[in-house]
There are 2 protein chains.
Amino acid sequence: MTHYKSEQEFLSSYSIHDFDVPLVSVDMSIFSIIDDELQVLLVKRADYPEKGKWALPGGFIDLKQDSTLDDTAQRKLRDKTGVDTPYLEQVGTVGAMNRDPRGWSVTVAYMALIAADSVVLSKDSSSEDVKWVPVFQLAKLDKLAFDHNQIFEMCHERLKSKVQYTSLPVNLLSEEFTLTELQSTFEIILDTSVEKKSFRRRVLDADILEETGNMKTGSNRPAKLYRAKEQGKDHLFPRSIEGPR
Amino acid sequence: MTHYKSEQEFLSSYSIHDFDVPLVSVDMSIFSIIDDELQVLLVKRADYPEKGKWALPGGFIDLKQDSTLDDTAQRKLRDKTGVDTPYLEQVGTVGAMNRDPRGWSVTVAYMALIAADSVVLSKDSSSEDVKWVPVFQLAKLDKLAFDHNQIFEMCHERLKSKVQYTSLPVNLLSEEFTLTELQSTFEIILDTSVEKKSFRRRVLDADILEETGNMKTGSNRPAKLYRAKEQGKDHLFPRSIEGPR
DNA sequence: TCAATAGTGTCTTTCAGACACTATAAA
DNA sequence: TTTATAGTGTCTGAAAGACACTATTGA
């Protein structure tokens with residue numbers, strides 16, 4: 001890909017306006033729990049437009065390579081993180097005349113949940129840098145490229161809302177985990193405390209976990225290790241987690 | 001728009017493949033309750049591809065006229081039904097190499113809920129006929145154009161699922177309605193009976209309705225008429241409607 | 001034995017289902 | 001007075017919160 005000297009130069013050579021078709025891309029919020037915080041993966045843009053700004057990873061559909069939209073998302077995720085079989089969910093689509101200087105553009109937002117320990121970060125040609133950013137810092141610090149702050153917010157809202165009534169967070173943990181670790185990821189995402197007994201009743205009664213037979217030891221009572229019965233699926237609870245009264 | 005003699009002729013003149021950009025369209029499931037049944041609006045395609053087949057109303061983004069995707073959906077809805085301020089929700093986006101013979105194509109699915117009495121059906125140039133079809137008949141009878149059966153199913157699932165824990169169905173009724181009428185629309189969509197007392201408690205406690213002061217009379221005890229406090233919004237209940245035990 | 005975390009017993013609270021009951025209109 | 005529908009009283013049951021309790025390890 002050619003590198004242009006200025007956004008001006010870049011735009012003047014861009015001719016998508018000539019065809020009555022919008023641009024289409026995929027952008028994703030890749031979430032993970034790192035250092036007991038919910039973090040999201042950002043890339044620094046290597047090209048115009050918005051060169052040098054931090055952005056959600058994403059890009060255009062490869063009409064030859066991708067046979068579905070989900071393939072595009074999967075490919076983008078693999079390129080940045082090396083992770084291949086994550087939890088991947090389409091969140092929504094934003095399209096507008098003026099969200100991209102190249103013209104009418106549509107982007108399909110995805111969110112991915114991955115276990116931090118399974119990741120090997122890597123840059124590709126479209127990004128000069130990659131980093132994890134704690135979600136609570138994002139609102140204050142970074143003004144992302146395009147409307148990515150808004151797209152990220154959609155994904156974050158979806159995540160928080162689904163955590164209230166599904167077992168989604170199992171996808172943020174490595175294969176084996178304790179109930180306390182699982183509870184902790186719920187608490188981190190919901191940013192509230194969850195009552196231990198209710199939590200265990202809820203999760204165990206749902207019959208979505210199975211004991212691995214292993215224990216996690218430390219300088220205290222060992223904890224049973226569990227694994228999700230159906231990888232990648234999320235159970236729907238009949239009622240929401242309500243939090244403290 | 002030119003009318004072609006065959007799909008072959010049409011396709012050979014189509015050149016979107018030359019640009020590495022997919023087609024983008026909006027398709028919508030417009031729901032209404034008519035004759036005590038949940039029905040969806042279909043149009044008969046006037047042009048290739050899939051000429052003559054029934055399809056969900058939709059079409060391409062008008063890059064000049066529409067400034068957002070929601071505008072496109074709103075415009076399509078207005079064209080077919082004359083309705084201007086409905087409940088409109090984006091359901092999801094499907095994109096694939098082979099879902100449209102013209103090439104890689106992406107469609108954003110919307111669902112709209114409207115009160116039947118507010119509709120004036122009208123055809124536009126892209127459709128030669130328009131009709132309401134009961135949802136339960138659709139599965140059996142019609143093989144729709146493209147992957148519209150699948151897109152419709154996405155919308156129908158979303159509708160049924162949201163009805164379980166939100167007040168969405170108020171958007172299917174005209175401005176004033178009785179609690180019994182509201183209960184009935186829940187029952188029609190969920191295809192199950194709902195217990196009267198629980199239903200009224202739930203709805204009334206949620207404080208989302210207000211009495212209009214009017215009564216609906218008949219040859220029996222008159223019923224209070226209500227109106228949604230916030231038009232177009234849907235309340236989230238803490239628990240789902242569970243249906244009979 | 002103590003500190004620390006895992007895991008349980010059990011009471012209360014909230015809200016949905018069941019179902020019998022009362023209320024109010026027209027014919 | 002009957003019929004039809006609107007609307008209520010109140011019991012039961014399921015699942016969440018509160019919180020004190022016991023259990024099991026290493027140091």
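Predicted model, so just to flag it, every value in this text is computed and none were measured. Values below: all heavy atoms of this structure, side chains included; hydrogens, waters and symmetry mates excluded. Numbered from 1 within each chain, the chains take letters A, B, ... in sequence-line order.
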Rounded distance (Å) that lies between atom [atom2] of [N] and atom [atom1] of [X]:
X: B:Phe186; N: C:dA16; atom1: CZ; atom2: C1'; answer: 14 Å
X: B:Lys216; N: D:dA6; atom1: NZ; atom2: P; answer: 8 Å
X: A:Asp205; N: D:dA16; atom1: CG; atom2: P; answer: 8 Å
X: B:Gln164; N: C:dA16; atom1: CD; atom2: P; answer: 13 Å
X: B:Tyr165; N: C:dC15; atom1: OH; atom2: P; answer: 19 Å
X: B:Phe177; N: D:dA6; atom1: CZ; atom2: P; answer: 14 Å
X: A:Glu181; N: C:dA6; atom1: CD; atom2: C1'; answer: 12 Å
X: A:Phe199; N: D:dA15; atom1: CZ; atom2: C1'; answer: 15 Å

Considering only [options], which nucleotide approaches the side chain of [X] most closely?
X: A:Thr180; options: D:dG7, C:dA6, D:dA16; result: C:dA6
X: A:Ala223; options: D:dG7, D:dA15, C:dA6; result: C:dA6
X: B:Pro222; options: D:dA23, C:dG17, C:dA25; result: C:dA25
X: B:Arg200; options: D:dA14, D:dT25, D:dA6; result: D:dA6

Distance-only donor-acceptor test (3.5 Å): side chain [X], base [N]:
X: B:Arg201; N: D:dG7; value: no
X: B:Arg202; N: C:dA16; value: no
X: B:Arg221; N: C:dA25; value: no

Worksheet item: When the ring planes of B:Phe199 and B:Phe186 are compared, do they come out parallel, tilted or perpendicular, using 30° and 60° as the limits?
Response: perpendicular
Worksheet item: For the residue pair A:His156 and A:Phe152, does the interplanar ring angle fall in the parallel (under 30°), tilted (30 to 60°) or perpendicular (over 60°) class?
Response: parallel
Discussion item. Is it the case that over 12 heavy atoms from other parts of the model lie below 6.0 angstrom from the CG atom of A:Asn220?
Written reply: yes
Discussion item. Does A:Lys216 have more than 12 heavy atoms from other residues, nucleotides or ligands lying within 6.0 Å of its NZ?
Written reply: no
Discussion item. Just to verify, which of B:Asp66, B:Asp84, B:Asp71 counts as forming a salt bridge (charged side-chain N to carboxylate O under 4.0 Å, His left out) with B:Arg78?
Written reply: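 For B:Arg78, the salt bridge (charged side-chain N to carboxylate O under 4.0 Å, His left out) test succeeds with only one of B:Asp66, B:Asp84, B:Asp71, which is B:Asp84.
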Item to complete: Map B:Lys196 and B:Phe237 onto DNA chain C by nearest heavy atom, then report which one ends up closer to the 5' terminus.
Response: B:Phe237
Discussion item. Reading DNA chain C from 5' onward, which residue's closest nucleotide shows up sooner: A:Ser219 or B:Ile241?
Written reply: A:Ser219
Would you classify [X] as touching base, sugar-phosphate or nothing, given that sugar-phosphate means primed atoms plus P, OP1 and OP2, and contacts are heavy atoms under 4.0 Å?
X: A:Thr178; answer: nothing
X: A:Thr217; answer: nothing
X: A:Glu195; answer: base
X: A:Lys197; answer: base

Worksheet item: Counting just side-chain N and O atoms, does B:Ser198 come under 4.0 Å of either OP1 or OP2 of C:dG17?
Response: yes
Worksheet item: In terms of the nearest nucleotide of DNA chain D, which residue is placed more toward the 5' end: B:Leu204 or A:Ser240?
Response: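 First, find each residue's nearest nucleotide; the 5'-ward one identifies B:Leu204.
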Discussion item. Please check this pair: side chain of B:Ser32 against backbone of B:Ile114, looking for a donor-acceptor N/O pair closer than 3.5 Å.
Written reply: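 Confirmed, B:Ser32 side chain pairs with B:Ile114 backbone.
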